[in-house]
Protein chains: 2
Amino acid sequence: MAANRRPTLADVAREVGVSAKTVSRVLNEDGPASAETREQVLAAVAKLGFQPNLMARNIRVGGPDTTIGLVVPDLGNPFFGAVARSIEDTVRDRGLTLLMGSSADDPDRERALTDKFLSRRVSILLVVPSVGADHSHLKTHRATGLPVVFIDRPGVGLAADSVVSSNRTGAHDGVAHLIAHGHRRIGFVGDLPVKLYTRRERFAGYRDALERAGLPYDRSLVTNAHDQQGASAATSRLLGLADPPTALFAGNNIVALGIVAELARSRRKDVAVVSFDDVPLAEALEPALTVVAQAPEEIGRTAATTALSRLDGDRSRARTITVPTRLIVRGSGERPAPELQRA
Amino acid sequence: MAANRRPTLADVAREVGVSAKTVSRVLNEDGPASAETREQVLAAVAKLGFQPNLMARNIRVGGPDTTIGLVVPDLGNPFFGAVARSIEDTVRDRGLTLLMGSSADDPDRERALTDKFLSRRVSILLVVPSVGADHSHLKTHRATGLPVVFIDRPGVGLAADSVVSSNRTGAHDGVAHLIAHGHRRIGFVGDLPVKLYTRRERFAGYRDALERAGLPYDRSLVTNAHDQQGASAATSRLLGLADPPTALFAGNNIVALGIVAELARSRRKDVAVVSFDDVPLAEALEPALTVVAQAPEEIGRTAATTALSRLDGDRSRARTITVPTRLIVRGSGERPAPELQRA
DNA sequence: TTGTAGGCGTTATCAA
DNA sequence: TTGATAACGCCTACAA
């Protein structure tokens, strides 16, 4: 039960009777080595179960480590799960390993995570910025060549690349779709906090659509929710108004779940719904859920390739890349307004 | 635009005019330091933006790094996303950082990931074993004190802890529920490959339930699917049989999505369904989806706490911890069989 | 083809 | 209270 030390290069060298450098050469296919030496070394490596210490190697070689740091609000949110998978797929053949953490949208936790990643000398930093976070502390790192890419929302206080969805036009399109089907009172259920970038942009798209259609903006139709239960409650509140909305626009996937659940619970089939971001089983609902779909895989891939090209020396100006959304018509967004109001 | 070196302990020391060790002492609150020195050091640290190199520190200190390695089949699967979040929550206050990777259920990729993690000297290894993977190569590491915990499925060739759902009894309960509602021909749509541990266990539970009820086992009612589309196809195939099932049991969450989608598409309201593993919006379906719910948060937490207690010196025998599942009755599992067959 | 010396950034040890 | 020296495991540079 001895907690034995892991074997080192020197242990392997001793086993074979050569110098550590020779072992290093064989393993890294650096410099020459006689066939016999090579064979003996490999045998000893297998026998001892030697695995090179990547941290020691990195210390010596200098430069960034072969890791990539990723901060998301919540590992359990399917949207960020899909983004993370896509990032991993993209960087795999570069041999990069993923360091991940959830910020819970807390700037302090985000900072703690990025600091840890920086202390580990990650080669790339990918961050979904939390509300209220400031990223000016990353300036020095950017200057020394660390690629930083913001995902889903732009960063604050730092000129770095970001990859976001077409939130404003996407939301506009979804709301315009409802208007096209005769709705004049359209509720908006957004995320919290209201300062959240995606919430602001999507809300702006909502107002754009109203304005272009010449519809009045009614503040009482706008509400917010932090989670699925909150969205259900918000839905119920909206529908209980004296002059309730005939359609609802969901500001994100979690909110959509809450709205749909509440409508099912109260057996309200007459309320039209369009959601920003797709959800599983959207097609199996009755009616199926019309959504403005995001492309998490493309977002992740774009963020990763952008970061990699920076790593490879791309010094062009920081870009904001907008990944288009797509309206998927399935039924819930096409329920007609119960009565077309007279002008 | 100079790609400047990151500041080191020596840089800070030079700035203040003390030795590197003194700076180290201040930062680690090791040994004594005069108030003045401390203040000067902290000022210099802030000025230079010094962040200790965790890799260098670890080299010197020896022992495992403050990272934890986690291998899952797919970062994008909500089940594993929930498990990962729960693990992170559990280890956060120990200061551990998560190293993650997707194996795609490929033993080679799993091995590549674990090898990378081991080369990084993770303090804990958490693995969802791939089908066909062998874990005997981890014996040495276990012997040197590395905690290894398998999640969702037991490992092969290594006596280590594992945390799994009560697959067999859970599946039994779900199928028995269908039987109790009069169904005698119950289709089973499992995952692929059929050798997958969870698939085998759940299938065994299915057969248990049939046997206890004295129902015949009909091989033509058993099918499998790799993804949602495959599950839809399998569903359609089963329902097209000459003597089709009146109820379906879904072997996992992805399969459930496929079954529900296909039933919605073909407007089959008469087929009863119970799913192993819960899905979002299950309550909003019509009828709502009856499930055998797993507890991913509890699975993650249990795996993490087990590993931490091993890290803290627990040398007791390896355990297999079974996290109970729970039948959630919502409607789809209670649709009665169309006609009760005569005995 | 192989080995030696030295250093990466940090901390342990011992001395001052 | 502080510092010099050595060492962690590995690689670079140079020499043999």
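Chain naming here is simple, since letters A, B, ... match the order of the sequence lines and numbering starts at 1 in each. What you see below is based on every heavy atom in this structure, not just the backbone, and it leaves out hydrogens, waters and symmetry mates.
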Worksheet item: Would B/Arg38 and B/Arg25 satisfy side chain to side chain contact (heavy atoms under 4.5 Å, CB included), going step by step from the backbone distance to the final call?
Response: CA-CA 9 Å; B/Arg38 141 178 258 85; B/Arg25 267 197 275 261; over 6 Å; no
Worksheet, complete the sentence: Taking C/dG9, D/dT1, C/dT2 as options, the one with an atom nearest any side-chain atom of B/Ser34 is D/dT1
Item to complete: Tell me whether the OP1 or OP2 atom of D/dC11 has a side-chain N or O from A/Ser24 closer than 4.0 Å.
Response: yes
Worksheet item: Any donor and acceptor pair, going by atom type alone, linking the side chain of A/Ser102 with main-chain N or O of A/Ala104 inside 3.5 Å?
Response: no
Discussion item. Given D/dT12, C/dT11, D/dC11, identify the nucleotide with an atom nearest to the side chain of B/Leu9.
Written reply: C/dT11
Practice prompt. For A/Arg25 and D/dC11, give me the distance from atom CZ to atom P, rounded to whole Å.
Written response: 12 Å
Worksheet item: In whole Å, what is the span from the CZ atom of A/Arg6 to the P atom of D/dC8?
Response: 17 Å
Worksheet item: Between atom CG in B/Asp30 and atom C1' in D/dT1, what is the gap in whole Å?
Response: 13 Å
Practice prompt. Just do the side chain to side chain contact (heavy atoms under 4.5 Å, CB included) check on A/Val128 and A/Val71 with the steps written out, would you?
Written response: CA-CA 6 Å; A/Val128 177; A/Val71 181; over 6 Å; no
Worksheet item: Could you state the CG-C1' distance from B/Asp65 to D/dC8, rounded to the nearest angstrom?
Response: 14 Å
Fill in: Atom of B/Asp105, atom of B/Val131 and distance for their closest heavy-atom approach
OD1-N, 3.8 Å
Worksheet, complete the sentence: Among the nucleotides C/dG9, D/dT2, D/dC10, whichever has the atom closest to the side chain of B/Thr22 is D/dT2
Discussion item. For B/Ala33 versus B/Val26, what's the shortest heavy-atom pair and its separation?
Written reply: CB-CG2, 4.0 Å
Worksheet item: Nearest-Å distance, CG (B/Asp11) to P (C/dC8)?
Response: 11 Å
Discussion item. Base, sugar-phosphate or nothing for A/Ile59? Non-hydrogen atoms, less than 4.0 Å.
Written reply: base
Worksheet item: Heavy atoms under 4.0 Å, any strand shown: does A/Asn28 hit a base, just sugar-phosphate, or nothing?
Response: sugar-phosphate
Worksheet item: Is a salt bridge present between A/Arg111 and A/Asp115, judged by a nitrogen-to-oxygen distance below 4.0 Å?
Response: yes
Response to the item:
To the nearest 10 degrees, the angle between the two end axes of the helix from C/dT1-D/dA16 to C/dA16-D/dT1 (five pairs per end) comes to 40°
Worksheet entry | Closest to side chain of B/Thr8, choosing from D/dT2, C/dG9, D/dC10 | C/dG9
Discussion item. Less than 4.0 angstrom from a charged side-chain N to a carboxylate O is my criterion; do A/Asp65 and A/Arg120 meet it?
Written reply: no
Worksheet item: On DNA chain D, nearest-nucleotide positions of A/Arg57 versus B/Ala33: which is more 5'?
Response: B/Ala33
Item to complete: Look at the side chain of B/Arg60 and decide which nucleotide, out of D/dG3, C/dT11, D/dC10, has an atom nearest to it.
Response: C/dT11
Worksheet entry | Under-4.0 Å salt bridge between B/Asp11 and B/Arg14 | yes
Discussion item. If you assign A/Ala56 and B/Arg38 each to the DNA chain D nucleotide with the nearest heavy atom, which residue ends up on the more 5' nucleotide?
Written reply: B/Arg38
Worksheet entry | Rounded distance (Å) that lies between atom C1' of D/dG9 and atom CG of B/Asn58 | 11 Å
Item to complete: From the options C/dT4, D/dA4, C/dT10, select the nucleotide whose nearest atom is closest to the side chain of A/Lys21.
Response: C/dT4
Response to the item:
From the candidates D/dT2, D/dG9, C/dG9, the one with an atom nearest any side-chain atom of B/Arg5 is C/dG9
